[in-house]
Number of protein chains: 2
Amino acid sequence: MKNLEKQLKQQIVQRIFRNFADIMILRLIQTEPMWGYKIKKEVQTRFGVKLRHGALYPLLNTLEQGGYIKSRKQAKGGRIRKIYQITQKGATLLSTYQKTIKEQFQ
Amino acid sequence: MKNLEKQLKQQIVQRIFRNFADIMILRLIQTEPMWGYKIKKEVQTRFGVKLRHGALYPLLNTLEQGGYIKSRKQAKGGRIRKIYQITQKGATLLSTYQKTIKEQFQ
DNA sequence: TGAGATATGTCTCGAAAGAGACATATTGTA
DNA sequence: TACAATATGTCTCTTTCGAGACATATCTCA
């Protein structure tokens with residue numbers, strides 16, 4: 001694959017995260033429960049996209065209030081992690097998004 | 001398909017158009033060259049999404065300036081239509097988007 | 001002839017989003 | 001012990017985006 005195409009793909013992935021961060025997070029969490037900081041790091045290494053934590057944490061709280069994810073607190077030493085996992089409602093939403101987006105972009 | 005799911009799908013399509021209007025327009029134009037007003041009407045009937053002409057025309061001009069589409073003027077009576085068709089550059093962009101989005105949402 | 005549809009464009013105002021600082025506490029490591 | 005990393009959260013300022021008005025001209029049909 002050409003270098004230019006790689007760059008373009010990177011830009012597209014970035015745009016997807018900017019506009020569908022909630023859905024991309026649901027997708028990440030579905031494969032494995034995670035806490036905010038881990039999500040930030042994973043997205044950076046896997047997708048090359050930098051999520052601002054100032055945007056991420058409020059988004060996670062919104063998703064939880066909406067019932068799409070739920071958290072349990074895990075004390076790792078003296079630090080507290082809020083580990084999020086996807087709910088049935090979240091999984092349904094994600095699946096509908098995946099179906100619809102594939103339909104629209106085929 | 002349940003009514004609720006239909007509603008949700010409609011919301012998703014709306015969100016796609018809000019965030020990827022340029023790409024959806026490229027996709028429309030690729031199947032058939034069109035002018036702005038036709039695009040607006042087609043999107044309304046085919047997708048149930050209302051595009052504001054106050055957003056659409058500037059977007060079409062931006063896409064043309066970027067070299068993704070090109071226009072020819074057609075006089076229909078005394079009215080002038082700017083008929084847009086996709087360029088090679090536009091088709092390449094569209095195809096990369098389709099590939100990348102399918103990858104990300106599978 | 002007047003109203004609604006066709007056709008393209010700009011402009012303004014308020015809302016939402018983005019960048020990045022401010023804030024705090026712990027843990028690991030050099 | 002000091003600095004970087006881990007961990008979560010809020011807040012402000014700027015920029016961007018969206019809704020809808022303003023603007024103009026033609027065409028069609030009742």
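These numbers were taken from a predicted model, which means no experiment stands behind them. In what follows, every chain begins at residue 1, and chains take the letters A, B, ... in the order their sequences are listed.
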**Asked** What is the minimum heavy-atom distance between A:L56 and A:G36, and which atoms define it?
**Response** CD2-O, 3.3 Å
**Message:** So if I take residues 34-49 of chain A and measure heavy-atom distances to DNA chain D, which residues fall below 4.0 Å?
**Reply:** A:W35, A:G36, A:Y37, A:K41
**Fill in**
Scoring nucleotides 20-30 of chain D by protein non-hydrogen atoms under 4.0 Å (B base, S sugar-phosphate only, - none) yields B-----BS---
**Message:** For B:R15 and A:Y97: C-alpha separation, side-chain torsions, deciding distance, then whether side chain to side chain donor-acceptor pair (under 3.5 Å) applies.
**Reply:** CA-CA 11 Å; B:R15 189 172 170 187; A:Y97 260 91; 2.8 Å; yes
**Request:** List the atom of A:E103, the atom of B:K9, and the distance in Å for their closest heavy-atom pair.
**Result:** OE2-NZ, 2.8 Å
**Message:** Side chains of B:D22 and B:L93, heavy atoms from C-beta outward: is any pair under 4.5 Å?
**Reply:** no
**Request:** Show your reasoning for whether side-chain contact (heavy atoms from CB on, under 4.5 Å) applies to A:Y68 and A:I86.
**Result:** CA-CA 6 Å; A:Y68 302 105; A:I86 198 165; over 6 Å; no
**Asked** Below 4.0 angstrom from OP1 or OP2 of C:dG9, is there any side-chain N or O of B:K82?
**Response** yes
**Request:** Check the distance between D:dG9's P and A:L59's CG and give it to me in whole angstrom.
**Result:** 12 Å
**Value in whole Å for how far the C1' atom of D:dT15 lies from CZ of A:R18** = 12 Å
**Request:** Take B:M24 and B:I16 through the side-chain contact (heavy atoms from CB on, under 4.5 Å) test and state the conclusion after the steps.
**Result:** CA-CA 8 Å; B:M24 294 304 276; B:I16 292 170; 3.9 Å; yes
**Request:** Provide, to the nearest angstrom, the distance between the CG atom belonging to A:L60 and the P atom belonging to D:dG9.
**Result:** 8 Å
**Request:** Both distances under 3.5 Å, Watson-Crick or G-U wobble: on that basis, could you give the dot-bracket string for DNA chain C, with [ ] for crossing pairs and | for other-strand partners?
**Result:** ||||||||||||||||||||||||||||||
**Prompt:** Between B:R81 and C:dG9, does any side-chain N or O lie under 4.0 Å from OP1 or OP2?
**Reply:** no
**Prompt:** Over how many whole Å does the gap from A:F17 atom CZ to C:dA17 atom C1' extend?
**Reply:** 18 Å
**Message:** For a 4.5 angstrom cut-off between non-hydrogen side-chain atoms, does B:M34 reach B:E42?
**Reply:** yes
**Asked** What are the two closest heavy atoms between A:Q98 and B:Q106, and how far apart are they?
**Response** NE2-O, 3.7 Å
**Asked** When you look at A:Q104 and B:R27, which way does the side-chain contact (heavy atoms from CB on, under 4.5 Å) test go after all the steps?
**Response** CA-CA 10 Å; A:Q104 288 306 317; B:R27 194 172 148 264; 4.3 Å; yes
**Asked** Checking all strands, does A:I80 fall into the base, sugar-phosphate, or nothing category for heavy-atom contacts under 4.0 angstrom?
**Response** sugar-phosphate
**Complete:** In short, B:Y84 meets B:N61 closest at the heavy-atom pair OH-OD1, 3.6 Å
**Message:** Is there a side-chain contact (heavy atoms from CB on, under 4.5 Å) between A:V43 and A:K50? Walk through the geometry before answering.
**Reply:** CA-CA 7 Å; A:V43 169; A:K50 285 182 183 173; over 6 Å; no
